[in-house]
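Encoded as structure tokens, the structure appears first; notes follow it.
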Amino acid sequence: MDRYSFLNAAHTAFFADLYDQYLESPDSVEPSWRAFFQGFDFANEYNGGPVEQLSQAYTSSNSVGVDSSAQLGQLQKEFAVLKLIDAYRTYGHLLTKTNPLRDRKVEHPDLSLEKFGLSQADLNVNFEAAKTIQLPTTTLGQIIAQLEKIYCTTLGIEYKYITDEAAVQWIQNHYEATEAKFDSEEKKEILHKLIEAVSFENFLNTKYVGQKRFSLEGLEAAIPAMDFMMDAAAEKGVEEIVVGMAHRGRLNVLANVFHKPAQDIFAEFDGKDYDAVEGFDGDVKYHLGLTSTRKTRSGKEIHVNLTPNPSHLETVGAVIEGIARAKQDTIFVNEPSKVLPIALHGDAAIAGQGIVYEIVQMAKLRGYKTEGTIHIVLNNQVGFTTNYSDGRSSTYSTDVAKVTQSPVLHVNADDTEAAVRAFLFALDYRMHFGTDVFIDLVGYRKYGHNEGDEPKFTQPILYKLISKHPNSRNIYNARLLEDKVVDDAFVKSLEKQYKDALEQELSTSREKEFAKVRTFMEENWDGFHIAGRDKMVADYDTKVSKEKLTAIAEVITALPGDKKFINKVTRLIGDRKAMFFEKDALDWAMGELLAYGTLLTDGYDVRMSGQDVERGTFSHRHAVVKTEDTEESIILLNQLKEQNGQMRIFNSLLAEYAVLGFEYGYALTNPNTLTIWEAQFGDFSNGAQIMMDQYISAAEDKWSNQNGIVMLLPHGYENQGAEHSSARLERYLQLCAESNMFVTNVTTPANFFHLMRRQMITDFRKPLINMSPKSLLRHPAAVSSISDFTDGKFQYVIDDANVNAADVKSVVLCSGKFYYDLVAKREELGRKDIAFVRIEQLFPLPIEQIAEVLAKYTNADDFVWGQEEPRNMGAYGHMLMNFDLKPLRYAGNQAFSAPASGSSVRSKKRYAEAIAKVFDKNL
């Protein structure tokens, strides 16, 4: 349709010329026409559909002409109404009644009629613009009433910052549609779930007075809303739901959404010990996870997982994304939307904790996307004791959603039906667009930070309001009684039935001696067993046949002939071919890639992520090569002739915390994938220290969760300053206890090869922290022969093969790159009375293997621990605590606050002094 036809087709040329003049110089056009064209442009840009509707409406009248000022004025007002409608769509959320306790403290937008060139006289005028909000032609007064009903009640929405026109149109079509009504049975079910939510908290408050439970009171609407959303998800084909949430409301969610037996919760309140599980200490009840199968009201089944989490509130958000992606990569490869991640946040935490921003930035990246997460903010308007006005600068706690142009629904937790609608709308949006969506459920916190806290110390006015405020169950119950949907007898029956069930569960619980251990995602770990030290220092058959190794080498040393690569890549791949097929001297990168290749042929997957891992920070790996002309990515490891697994490797965003959390979740879900996170430099892992402290080192003990995550941390003193020298080995060793993880610092490509293979062929999984080399990546002595791969195994300790044991007076224990520098110094000095024994695995310390080696040195009287790190760092403290075979003389630098000097001259001097102390006990 011609865009001017709605005025009069006979005068199109005139209008076209005038419009062109307006486009070239707006001020040259008569003011009324200029206002008209501005409205036309606005409507055409933002409301393509409505313009056509208006065009049709005005074309139907043959009386329109260029001299019809009345018609022109009416048309200009139509566009004014369109602007008003768009303003409500953009700013209506600022006028919502989403705070159940008090008026919202936000600056109200000006939506007065006068601002849009309208007046009170227009309220009774019919406008075609009504059709844009799915009304028939109607008066401006009715249009405004409908806009306020849609955008300004207890449910509001932010979405006008979204640039995807399809998404905007979808939101408008669905959100502005006639409000979906719940039938009487659905309303009864909503009330039923509210009764459960409220009664559960009341029961705990009565039976366990003063005990911490971090109740959901003030936000009970979350229970029916989540319940309905999960049932709807099953109807839409979702088969797996992965939920992460902090402690507030967790027990209620466990009991009334995940259907954790209440008797288990009561046993935890009673402080009972756990039934006998070796190496399991447990955690507080509101940190524990659960995996269960939920049956919907229609009879469908859906698998639900509530992930264990520590008190670091937002860490679990990264973990659930990794869990979801692992399930999508392995179980739902072609239907990833069948896995739904749901993250529940507190309003203070989502606004205040930086990991949320990292997670949001991962949402659309190819290595981390999970087809959209539903983020639910349980907004209780206070963080611990901090008012929201001191907890964020943004208008909303959910403003991080704008980073990915995700819509945000704001809803009053007192309006339970509105909450349910918001959750269902969010689900529909996620399933349709495969992107994130946020819900801001605004309620309050009935008690203080915990049930023993006095909130009036810090919020006396707020808690006066809360003390007088009815709970959402009573509000909704009164509404249903008034509408005659239920009667008092029905409500009392539901309450009695639920309370009687809780009493029975409590009675059953108190008959049992122990609390039950329920392992999160236990079905994923069938055939795997919790391992102690004996298995962690045992020998495993990690060798491979030369035929298999050769077949892999042939593929990863040959570039596709039909593609063009830069000369350096061609030369690099050629060098790898020569080192395998001609020189029999394989460097670190070759050994690493062969390890992955053999695992892929054995049927394992390999996943690696981190900053610049595709080529490697030190340009050594080149697991991904790029064509010169198109930058096509080629992973040679995915072209193996006998490939039974998939190599997945991704450069991460410039973040550590969320990425390591993601990979931890991935490894937690799939024990048959070698899951690796590599730090760009080893010390950068301190940006993710919370994941180490709370998950990697402690999860098996707290939650009975095995995990095979591998952390590769470049480590070594090459005069690169404090930040690029030490991976802080000492910190990981301080976290080691009770066989919780491996810590290694291996020195040869073959030993790294066997280490990676050992990680997968065992019937248990432990996190592996490996101090990866930097200079050894290209060190001429740090090479291995093919036979080291085909005939060897992982060596916990490597003896010195270049000395006669009878001649040795000093035995130096060391690890990592330091060994090569010590050997070079020994050759320079011509010493034959000193041996260097490499401790390749530092935890669990292989005492038996070390003792066997030391027994050979019968004439030695000087036993040394040598290291390149300062005395208060590195492995020295660990050796003092765990090694008692011989008294150890320390040889190395003194204690320093920084890991290394920033001056290369000073750094070299200190390094030389450390080496000198190894050779001279008098220094």
Side-chain angles (χ1 to χ4, degrees), residues 539-559 565 567-602 606 615-616 618-623 625 635-637 639-643 647 712 744-758 761 770 772-803 816-817 819-824 826-827 836 838 840:
D539 286 335
Y540 294 93
D541 184 7
T542 53
K543 63 180 180 293
V544 297
S545 69
K546 186 172 182 180
E547 291 73 21
K548 176 185 283 190
L549 208 65
T550 301
I552 296 167
E554 286 174 346
V555 174
I556 65 174
T557 61
L559 293 169
F565 300 88
N567 292 335
K568 286 186 177 181
V569 170
T570 303
R571 184 166 59 250
L572 173 86
I573 300 301
D575 289 345
R576 288 181 178 173
K577 186 171 185 177
M579 73 174 63
F580 188 92
F581 292 100
E582 299 173 18
K583 300 177 182 178
D584 192 17
L586 281 58
D587 68 4
W588 203 278
M590 192 64 176
E592 178 184 0
L593 296 176
L594 287 172
Y596 303 153
T598 60
L599 290 171
L600 294 172
T601 59
D602 290 344
V606 178
R615 74 160 205 181
F618 309 102
S619 196
H620 76 286
R621 180 174 294 117
H622 295 283
V625 292
I635 302 175
L636 295 174
L637 280 168
Q639 299 178 3
L640 301 178
K641 295 173 184 176
E642 295 184 13
Q643 185 168 340
M647 179 71 185
L712 301 182
T744 57
N745 192 4
V746 299
T747 56
T748 71
N751 221 25
F752 185 80
F753 171 92
H754 292 294
L755 178 65
M756 292 297 101
R757 287 185 54 76
R758 184 190 69 168
I761 69 170
N770 183 66
S772 296
K774 295 181 290 182
S775 60
L776 295 192
L777 297 174
R778 294 176 178 83
H779 198 293
V783 294
S784 301
S785 66
I786 293 172
S787 63
D788 293 331
F789 297 84
T790 59
D791 300 328
K793 62 182 179 181
F794 177 68
Q795 294 178 275
Y796 294 84
V797 181
I798 301 180
D799 195 7
D800 196 330
N802 298 312
V803 294
K817 160 197 166 272
Y819 162 79
Y820 290 94
D821 296 325
L822 292 175
V823 169
R826 180 174 65 183
E827 292 177 357
F836 303 118
R838 286 170 273 176
E840 301 283 284

>> Taking side chain to side chain donor-acceptor pair (under 3.5 Å) as the definition, give me every residue that meets it alongside T550, ordered by chain and number, with sequence neighbours left out.
In response: none

> Rounded to the nearest 0.5 Å, how far does OG1 of T790 lie from CG of L594?
Replying inline: 11.0 Å

> Of the non-hydrogen atoms in L559 and T570, which two are nearest, and what is the gap between them?
Replying inline: CD1-CA, 3.9 Å

> Could you give all pairs that pass the ring pair (Phe, Tyr, Trp, His ring centres under 6.0 Å) test and reach residues 567-589, with sequence neighbours left out?
Replying inline: W588-F752

>> Once side chain to side chain donor-acceptor pair (under 3.5 Å) is applied, do any residues pair with S784, and if so which ones, sequence neighbours excluded?
In response: none

> Rounded to the nearest 0.5 Å, what separation is found between the OG1 atom of T557 and the CG atom of L636?
Replying inline: 8.5 Å

>> So, taking the atom named NE2 in H754 and the one named OG1 in T748, what distance separates them when rounded to the nearest 0.5 Å?
In response: 8.0 Å

> Which residues pass the salt bridge (Lys or Arg N to Asp or Glu O under 4.0 Å) test with K568, sequence neighbours left out?
Replying inline: none

>> Using the side chain to side chain contact (heavy atoms under 4.5 Å, CB included) criterion, which residues pair with V783? Sequence neighbours excluded.
In response: A585

> Heavy atoms, side chains only, cut-off 4.5 Å: are L755 and E840 in contact?
Replying inline: no

> Are any non-hydrogen side-chain atoms of F789 and L586 less than 4.5 angstrom apart?
Replying inline: yes

> Which heavy-atom pair separates R826 from D800 by the least distance, and what is that distance?
Replying inline: NH1-OD2, 2.7 Å

>> Using the side chain to side chain donor-acceptor pair (under 3.5 Å) criterion, which residues pair with S619? Sequence neighbours excluded.
In response: H622

> Rounded to the nearest 0.5 Å, how far does OG1 of T747 lie from CD1 of I798?
Replying inline: 4.0 Å

> Sequence neighbours excluded, which residues qualify as salt bridge (Lys or Arg N to Asp or Glu O under 4.0 Å) partners of K793?
Replying inline: D539

>> Applying salt bridge (Lys or Arg N to Asp or Glu O under 4.0 Å), can you list everything that pairs with E592, at least two apart in sequence or on another chain?
In response: R621

> Is the Y819 ring parallel, tilted or perpendicular to the F836 ring (thresholds 30°, 60°)?
Replying inline: perpendicular

>> As an exercise, state the distance from CG of L640 to CE of M647, rounded to the nearest 0.5 Å.
In response: 10.5 Å

>> Taking side chain to side chain contact (heavy atoms under 4.5 Å, CB included) as the definition, give me every residue that meets it alongside E642, ordered by chain and number, with sequence neighbours left out.
In response: none

> To the nearest 0.5 Å, how far apart are CZ in R758 and OG1 in T542?
Replying inline: 9.0 Å

>> Run the side chain to side chain donor-acceptor pair (under 3.5 Å) test against Q643 and tell me which residues pass, sequence neighbours left out.
In response: N638

> Under a 4.5 Å cut-off applied to non-hydrogen side-chain atoms, are Y596 and I556 in contact?
Replying inline: no

> Checking Y540 side chain against F794 main chain: does a donor-acceptor pair fall under 3.5 Å?
Replying inline: no

>> Quick check: closest heavy atoms across A558 and E554, and the distance to 0.1 Å?
In response: CB-O, 3.5 Å

>> The criterion is side chain to side chain contact (heavy atoms under 4.5 Å, CB included); which residues satisfy it with S545, sequence neighbours excluded?
In response: E547, K548

> Would you say the side-chain atoms of D788 and S785 include a donor-acceptor pair closer than 3.5 Å?
Replying inline: yes

>> According to side chain to side chain contact (heavy atoms under 4.5 Å, CB included), who are the partners of D821, at least two apart in sequence or on a separate chain?
In response: K817, Y911, I915

> What is the minimum heavy-atom distance between D587 and L777, and which atoms define it?
Replying inline: CB-O, 4.2 Å

